[in-house]
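Here is the structure we will look at, set down as structure tokens.
Keep in mind it's a predicted model, so treat the numbers as computed, not measured.
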Amino acid sequence: MTILFVALLARVFYLQIIDGKNLQVLAAEEWLRDLPLSSKRGEILDSSGVSLATTITTYDVYVRARNVEEPAKLARALSDLLNIEYEKTYTKVTNTSLSEILIKMQVDEDIALSLTEYKGVYLSQNVARVYPYSNLLTQVLGYCTIDNIGQAGLESYYDKYLKGVDGKSLTQTNAQGKEIENSLSYYIPSVAGADINTTIDVQMQSILERELMVAYEENKALGVSGIILDAQTGGIKAMSCLPGFDLNNVPRDDISSLQEMTKNSTVVDVYEPGSTFKLITLAAALNEGLTNIDEQFYCSGRCTVDGETIKCWKTVGHSSLTLLDAFKNSCNCVFVQLALRLGVDKYYEYLEYFGLGEKTGVDIASESSGIIMPKENVRNVDLARIGFGHAIAVTQLQMATVYAKITTGYEITPHLLESIISNGEVLYQTTTAKNEIKLSKSTIETVNMMLANNVNSEGNYTFIAGYDVGGKTGTAQKYGEDGQIATGKYISSFIGTYPATNPEYVIIICINEPSAGAYYGGVVAKPVGERVLKSIFETKAIAPTDASQLDNTPNILMPYIVGKSLADACSELKKLGLNVLFDGEGEYVVEQLPPEGTLLYLGEVVYIITN
């Protein structure tokens, strides 16, 4: 008997003391029913505090079938108010084998509250993500699942800060899982997520996307994209890829299409930059003392390297020209010479120094490093092509970042995050270190002057009247899946700087496969950059640096020259005071840009295509 008593005492001791906590938890699970309370997801804000992504309170509707008194009436009400199928709903509200069952998530507050008059209906507070600007910043912001988990863009990248901690609502029930009348309810509050302050300027973003959409439609392009980068800090003021979609209505029914439209092509896709890359060759050659702006070159339209012929885009050649003119006229042959003067080792030293072939470090997932040939495999002919932006692949963000480094003389890391704030406390603040790059002051000044010279012609034509803007255009052929050049497929680009003397902003515009006729960067991408910058100057009330230029008006009427001989067309245009760029080796004009009747400034550039 004593042994039995001791054994019982030991068992009681074990149950109450040793395993007591665990048994209390199991008991609580039996007589408490819990419903989740979703935490409020943190907001994503622009640089001025404008909300780009926010949350609204919604409710998840549950039913506890054991508490339902009129299942048919309840099923009908749920079906009508929540727009769900009656038969399935009736099955759910009569299924007493489950303690509770979810009917629908993220129901609007007024509808959800109207359902509380029915016995057996329970509400769990939830939140729904809302994007006030709909399809603005599609790829940058990304979106969330219905469970408020970040699935793309900033929503995914900073999900651990945005998501918060969910709470619970607990209700006492009997052994059958039925709520006990007048029993206590327990409430464990949720903890809101932190707010993300970004570098995005919603005004600039709106301007960029508006003009990109115009370009997308006018050029019948496969896609268009652009970035506005703060050249001094690396903060991304605007970033867009079109087409996109409304973030409040994510098209989840076509996953492959959704993935393509979600992809941020400005950091994921690589392309052959073409003539915009000539800035890298120019800066390196100037910095090494291998050339100067007055050096005379000669372009016959082609040059031979390692026994291979490399053509200039102007196949009849530019004849004699200075370095200044070679950069403005984008002469391939001159930049072949500069690359060869630098040599493979020195050229690759500058590529590495400018961060090419490496990720920029931007806070965007799936960033590409670009594609650069291994140095040990580079022949002279490869180096020659790299010198004018071929045989190398980059991202748009890499190019914008390199332009910012070269034109300001400082290292930058592009970024979207400005700070993370939780309940007024700064959890993280982005800092910008001013580390100089190894370009001399004279190199930087010369490069900036040449970029300004590029977009402003002799006469009274300036890119944007009264404003100190620099820039470079590029046109590059695309390659097919077989590695061969895809005939008729181009990427046209423009990179601009403002102010040209010491840039605050770098803007890049890319038009992917324009198919409306024109494809030159100077024709399809440069005007987009011009409209974007003009709108920014107006919206931000940025005053002109040279008000005297504001009186300039276009007063030269573009004639019709299609069908004329190339010699006669050039002669006529030059007499009018217009500059001429032409492509092709034919004798007659088959296409002109701009069209007949366009008003032009003295000194403006006209494009001619021959047969």
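Ring-centre distance between Phe537 and Tyr498: below the 6.0 Å cut-off.
Side-chain contact between Asp80 and Arg76 is present, with at least one heavy-atom pair separated by less than 4.5 Å. Under the 4.5 Å side-chain criterion, counting only non-hydrogen atoms from C-beta, Thr401 is not in contact with Gln396. Gln398 is listed as a side-chain neighbour of Thr360, based on a closest heavy-atom distance under 4.5 Å. Residues Ile56 and Val127 form no side-chain contact, since every pair of their non-hydrogen atoms from C-beta on lies 4.5 Å or further apart. Counting heavy atoms from C-beta on, the side chains of Tyr133 and Val50 come closer than 4.5 Å. Between Tyr505 and Val469, every side-chain heavy-atom pair lies at or beyond the 4.5 Å cut-off. Between Met239 and Val267 there is a side-chain heavy-atom pair separated by less than 4.5 Å. Between Val362 and Thr413 the shortest side-chain heavy-atom distance does not fall below 4.5 Å.
A donor-acceptor contact shorter than 3.5 Å is absent between the side chain of Glu85 and the backbone of Ser79.
When only modelled atom types and interatomic distance are considered, Asn512 and Lys478 share a side-chain donor-acceptor pair under 3.5 Å. With 3.5 Å as the limit, one finds no donor-acceptor pair spanning the side chains of Gln205 and Lys237. Looking only at atom types and distance, the side chain of Glu43 has a donor-acceptor partner in the side chain of Ser51 under 3.5 Å away.
Ionic pairing of Glu155 and Arg41 is present here: one or more N-O contacts between side-chain nitrogen and carboxylate oxygen are shorter than 4.0 angstrom. Electrostatic pairing of Lys359 and Glu367 does not count as a salt bridge here, judged by no charged N lying under 4.0 Å from a carboxylate O. Between Glu530 and Lys534 there is a salt bridge, since a side-chain N of the basic residue sits under 4.0 Å from a carboxylate O of the acidic one.
Atom CD of Glu358 is surrounded by more than 12 heavy atoms from other residues, nucleotides or ligands within 6.0 Å. Within 6.0 Å of the OH atom in Tyr161, the count of heavy atoms belonging to other residues, nucleotides or ligands does not exceed 12.
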Stepwise side chain to side chain contact (heavy atoms under 4.5 Å, CB included) test for Glu418 and Thr198: CA-CA 5 Å; Glu418 190 64 44; Thr198 71; 5.8 Å; no

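A side chain to side chain donor-acceptor pair (under 3.5 Å) with Thr501 is found for one member of Thr407, Asn448, Asp468 and no other, namely Asp468.
With sequence neighbours left out, the ring-ring contact (aromatic ring centres under 6.0 Å, His included) criterion links Tyr158 to no other residue. The ring-ring contact (aromatic ring centres under 6.0 Å, His included) search around Tyr59 returns none, not counting sequence neighbours. Residues passing the side chain to side chain donor-acceptor pair (under 3.5 Å) test with Asp195: none are found, sequence neighbours excluded.
Under a cutoff of 6.0 Å and an axis angle of 45°, Lys438 and Tyr350 form a cation-pi pair.
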